[in-house]
Structure formats: C-alpha cells, structure tokens
Q: 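The following block contains the structure, expressed as structure tokens.
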Amino acid sequence: MSAPLWDSKIPATEPETERFDWLRVVVRGVPIFALILVCLPLMMLTRGVESLIVGARRPWSSVFPRFVSRMSLRVMGIPLHTIGTPMKHHGAVVANHSTWLDIFSLNACQRVFFVSKAEVAKWPGIGPLARASGTVFIARDRKDAARQKILFEERLHMGHKLLFFPEGTSTDSLRVLPFKPTLFAAFFAPELIEEVYIQPVSVRYTAPKGAEPRFYGWWGDMEFAPSLIKYLKTRKQGAITVVFHDPIAVKDVPNRKDMARLCEEAVRSGLPDIPNEYINV
C-alpha cells in the first residue's frame, strides 16, 4: 500500500510570467532531453557489456546517471553545494524528500541506487529510466518484507549504496516528516547488521530571490510537467545544498525504530527553521 501524499492547506504561489519564459524552457529543456537521449542507450550498451563481465554489479554504467544529473542542474542554472563527505562504508543513505529534483541533487553528489515504490516502474518515461539506472523497486507491504530483505542484502553485497526516502512522500521542502521505520528493518538482519552503516543526508533548497520559500517543493497532487516547466523557465535560480551527516553503524543502534529516529533528527538538523507562516500547514 502506498503512503498517503503530504499536502498543504496553503496553495502554492505561481511565479509571475516574464518575457522569454518559454525561450528559456526550450533553451534549457532541449539540451537536457538530448543529453538523456544520448546517455540512455550508451548506459544500456555499457550495462550489456558489464553484465557479461561482472554480472549484476554496475561499476561503469552507474557513471551515466551522475553525469546526466550534474549536467542537467548546470543547464537549468541551479547551483549545487555540498557540506560533508559521502561515506565510504558499506550501506545505505537516507534523505528528506522534497521534490522529483531530489533525484538529480543526490545522484550528482555520489554513486547511489535509489529504492522506490513498485508503481514507479510503470510510470511512462520515468519508469524505463529508473529501471535502466538500477533502481530497486519494492512493494510497501509487510508480506514482501522477507523478499525485500534478500534483495537489499544482494545489492549491498555487490557494493551498491542504496538510497531511500523514509518519509514515504514528498513535501514543500521546508520540513522533515516522521521517518517510517519499516525499510530500516532489513539492515538489522543478522547477515547485515555487523557490516553496514546508514548515512543521513539533508537536501536543502533555497528559493530564487523574491519567490516563496516553497518554490522547489512538489507535494500533494502536483503534476510533473508543470513543475518541470516552472524550474526551466526561472530566470534566476535559487540553490541546492546537500549536507552529508556522520554515518551511523547499524550494530550500534538497538532497533529499527531508534535508527529511524536518529536519522530523522540528523536530517532535520540540516534544514533551516520553518518560517512561521508555514509551520501549521
């Protein structure tokens, strides 16, 4: 069962229309589309060679998502800053979820493989891209817990660093929702607990000057296309800051609920205080 979507009582404020908005959409959108169009078959070709040599491991094809993400943010004109360092330990990464742009923000900083709900695999356009990049698809159902544990174990033993969003839904980018402990359970399996770490990561969005603080948020029933166009047409962008917190050894934490709480606290500490007018929304 999918997690309920987070929503706000305060509707999003649409930015004012400016001259050359649609020109910016074309000038930025076409290169990004071309980049994906070129890199996707190259990634698939590399993956084919990879599978013959190293099997399910992805030491070379995983370069493409990072390259595409970095270049796409650059083309859109959104500066990306990092604080801290991606961990070198075996394990997983957890982050707050504000927008579909998180995928670009987090991919651009490190080599990771996203954990996503199974429905995403069937989405037009995004589904094939996610499958090609090695996304781990899971059904959010307790009945599948044993299968998911095996799947996580296989991917972690391949050296894959898994990334998931424990909130289970995206927000307005200003807040961190309670972390759901369900997905943390797999890391407490006897086969994994002694060797894996989990690194909390905060993704902080600074709105463009003059725009509302929630500019980059993507929540409720917002659709992808209007959000993409809004980002592409913005003349002067804000910024993205990715904060890498200290990794937490799973063996040092009593249980999955405590791990969820520790990660949630760390991720929340990397975001600024919520403006008063947006606290109770």
Side-chain angles (χ1 to χ4, degrees), residues 2-8 12 14-15 25 28-29 31-33 35-37 39-40 64-80 93-110 112-138 140 162-177 201-208 211-234 237-242 267 271:
S2 297
L5 298 176
W6 182 86
D7 209 344
S8 172
E14 290 300 317
V25 170
R28 290 170 172 170
I32 292 172
F33 179 74
L35 184 66
I36 294 172
L37 206 61
C39 287
L40 182 57
F64 290 96
R66 186 174 184 184
F67 174 74
V68 169
S69 297
R70 278 181 155 182
M71 293 306 298
S72 295
L73 291 175
R74 193 167 297 176
V75 170
M76 282 192 281
I78 306 177
L80 176 66
V93 176
V94 296
N96 56 304
H97 192 18
S98 304
T99 165
W100 57 266
L101 205 55
D102 293 335
I103 296 171
F104 288 86
S105 306
L106 292 162
N107 254 328
C109 299
Q110 58 185 326
V112 289
F113 297 91
F114 286 82
V115 176
S116 176
K117 57 186 180 181
E119 303 95 278
V120 174
K122 300 176 183 177
W123 288 2
I126 295 177
L129 285 173
R131 287 196 298 272
S133 61
T135 297
V136 179
F137 296 106
I138 60 168
R140 297 181 186 274
L162 302 180
L163 190 152
F164 61 97
F165 300 112
E167 294 165 293
T169 181
S170 58
T171 69
D172 59 359
S173 79
L174 302 181
R175 68 199 70 239
V176 177
L177 302 178
V201 174
S202 306
V203 186
R204 189 165 69 214
Y205 290 91
T206 303
E212 72 158 323
R214 306 181 299 169
F215 180 84
Y216 290 110
W218 187 57
W219 68 88
D221 59 359
M222 287 182 174
E223 296 182 357
F224 171 73
S227 175
L228 172 62
I229 291 171
K230 182 175 79 168
Y231 299 161
L232 291 175
K233 74 180 185 181
T234 300
Q237 297 280 5
I240 303 169
T241 304
V242 178
V267 171
L271 269 61

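Quick caveat: nothing in here was measured; it's all calculated off a predicted structure. No hydrogens, no waters, no symmetry mates; every other heavy atom, side chains included, goes into these values.
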Q: For residues K117 and I138, determine if any side-chain heavy atom of one lies less than 4.5 Å from a side-chain heavy atom of the other.
A: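 Answer no - side chains too far apart.
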Q: For residues A95 and P166, report the shortest heavy-atom separation together with the two atoms involved.
A: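 Heavy-atom minimum between the residues: O-CD, 3.6 Å.
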Q: Provide the closest heavy-atom pair for A108 versus L80 in the form atom of the first, atom of the second, distance.
A: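 In this case the closest contact between A108 and L80 is CB-CD2, 3.6 Å.
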Q: Under the rule for salt bridge (Lys or Arg N to Asp or Glu O under 4.0 Å), what residues qualify as partners of R28, not counting sequence neighbours?
A: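 R28 satisfies salt bridge (Lys or Arg N to Asp or Glu O under 4.0 Å) with no other residue.
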Q: State, to 0.1 Å, how close S72 and L35 come at their nearest heavy-atom pair, and which atoms those are.
A: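 For S72 and L35, the tightest heavy-atom pair comes out as OG-CD2, 4.1 Å.
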Q: Below 4.5 Å, heavy atoms only, C-beta onward: do W6 and L177 meet side chain to side chain?
A: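 In contact.
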Q: At what distance, to the nearest 0.5 angstrom, does CZ of F164 lie from OG of S116?
A: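 That separation rounds to 13.0 Å.
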Q: Check L106 against F114 and note the closest heavy-atom contact, atom names and distance.
A: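 Looking at all heavy atoms of both residues, the shortest contact is CB-CZ, 4.1 Å.
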Q: Applying side-chain hydrogen bond (donor to acceptor under 3.5 Å, both in side chains), run through S8 and W219 and close with a yes or a no.
A: CA-CA 8 Å; S8 172; W219 68 88; 4.7 Å; no
Q: If I take atom CG from residue N96 and atom CZ from residue R204, how far apart are they, to the nearest 0.5 angstrom?
A: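 It is 10.5 Å, given to the nearest 0.5 Å.
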Q: Considering residues at least two apart in sequence or located in another chain, which fulfil the side chain to side chain donor-acceptor pair (under 3.5 Å) criterion with T171?
A: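 T171: no side chain to side chain donor-acceptor pair (under 3.5 Å) contacts found.
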Q: Could you check whether any side-chain heavy atom of L174 comes within less than 4.5 Å of a side-chain heavy atom of L271, counting everything from C-beta outward?
A: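 SC-SC contact between L174 and L271 ruled out.
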Q: OG1/T135 to CD1/I103 distance, rounded to the nearest 0.5 angstrom?
A: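 With rounding to 0.5 Å, OG1 (T135) is 7.5 Å from CD1 (I103).
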Q: With sequence neighbours left out, write down each residue that passes ring pair (Phe, Tyr, Trp, His ring centres under 6.0 Å) with F137, or none if nothing qualifies.
A: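 If we apply the ring pair (Phe, Tyr, Trp, His ring centres under 6.0 Å) test to F137, skipping adjacent residues, there are no hits.
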Q: Can you name the residues that form a salt bridge (Lys or Arg N to Asp or Glu O under 4.0 Å) with D102, not counting sequence neighbours?
A: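 Counting only residues at least two positions away or on another chain, D102 forms no salt bridge (Lys or Arg N to Asp or Glu O under 4.0 Å).
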Q: Under 3.5 Å, side chain of Q237 to main-chain N/O of G77, donor-acceptor pair present?
A: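 The answer is no, because no donor-acceptor pair under 3.5 Å joins these two groups.
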Q: Distance from M222 atom CE to T99 atom OG1, nearest 0.5 Å?
A: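 Going from CE on M222 over to OG1 on T99, the span is 9.5 Å.
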Q: Pick out which of R74, M71, M76 makes a side-chain contact (heavy atoms from CB on, under 4.5 Å) with I32.
A: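 The residue from R74, M71, M76 that satisfies side-chain contact (heavy atoms from CB on, under 4.5 Å) with I32 turns out to be M76.
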Q: Any side-chain heavy-atom pair from Q110 and V242 closer than 4.5 angstrom?
A: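 Counting from C-beta outward, Q110 and V242 never come under 4.5 Å.
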Q: Would you say that C39 contacts F67 through its side chain, given a criterion of any heavy-atom pair below 4.5 Å between the two side chains?
A: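 Yes - at least one pair of side-chain heavy atoms lies under 4.5 Å apart.
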Q: Are L73 and L101 side-chain neighbours, meaning at least one heavy-atom pair lies under 4.5 Å?
A: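 Yes. Closest side-chain heavy atoms under 4.5 Å.
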Q: Can L40 and F64 be said to form a side chain to side chain contact (heavy atoms under 4.5 Å, CB included), step by step?
A: CA-CA 8 Å; L40 182 57; F64 290 96; over 6 Å; no
Q: According to side chain to side chain donor-acceptor pair (under 3.5 Å), who are the partners of N107, at least two apart in sequence or on a separate chain?
A: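 N107 satisfies side chain to side chain donor-acceptor pair (under 3.5 Å) with no residue once adjacent residues are dropped.
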Q: Once the angle between the rings of Y216 and Y231 is folded into 0 to 90°, is it parallel (under 30°), tilted (30 to 60°) or perpendicular (over 60°)?
A: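 Ring orientation of Y216 relative to Y231: tilted.
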Q: Does any part of the side chain of L163, heavy atoms only, come nearer than 4.5 Å to the side chain of V94, both counted from C-beta?
A: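 No. Closest side-chain heavy atoms not under 4.5 Å.
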Q: So how far is it from F165 CZ to S170 OG, rounded to the nearest 0.5 Å?
A: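 The CZ atom of F165 sits 9.5 Å away from the OG atom of S170.
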Q: What closest approach, in Å, do F215 and P208 show between heavy atoms, and which atom pair accounts for it?
A: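 Scanning both residues completely, I find the closest heavy atoms to be CD2-CD, 3.4 Å.
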Q: Taking only residues two or more places apart in sequence, or in another chain, which ones meet S202 in a side chain to side chain donor-acceptor pair (under 3.5 Å)?
A: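 Counting only residues at least two positions away or on another chain, S202 forms a side chain to side chain donor-acceptor pair (under 3.5 Å) with H245.
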Q: For E14 and K230, which heavy atoms make the closest approach, and how far apart are they?
A: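 In terms of heavy atoms, the two residues are closest at OE1-CD, 4.4 Å.
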Q: Is there a donor in the side chain of S105 and an acceptor in the side chain of Y205, or the other way round, less than 3.5 Å apart?
A: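 Yes.
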Q: Return yes if some donor-acceptor pair links the side-chain N/O of D172 with the main-chain N/O of G217 below 3.5 Å, else return no.
A: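 Not at all, since once roles are kept as given, no pair shorter than 3.5 Å links the two residues.
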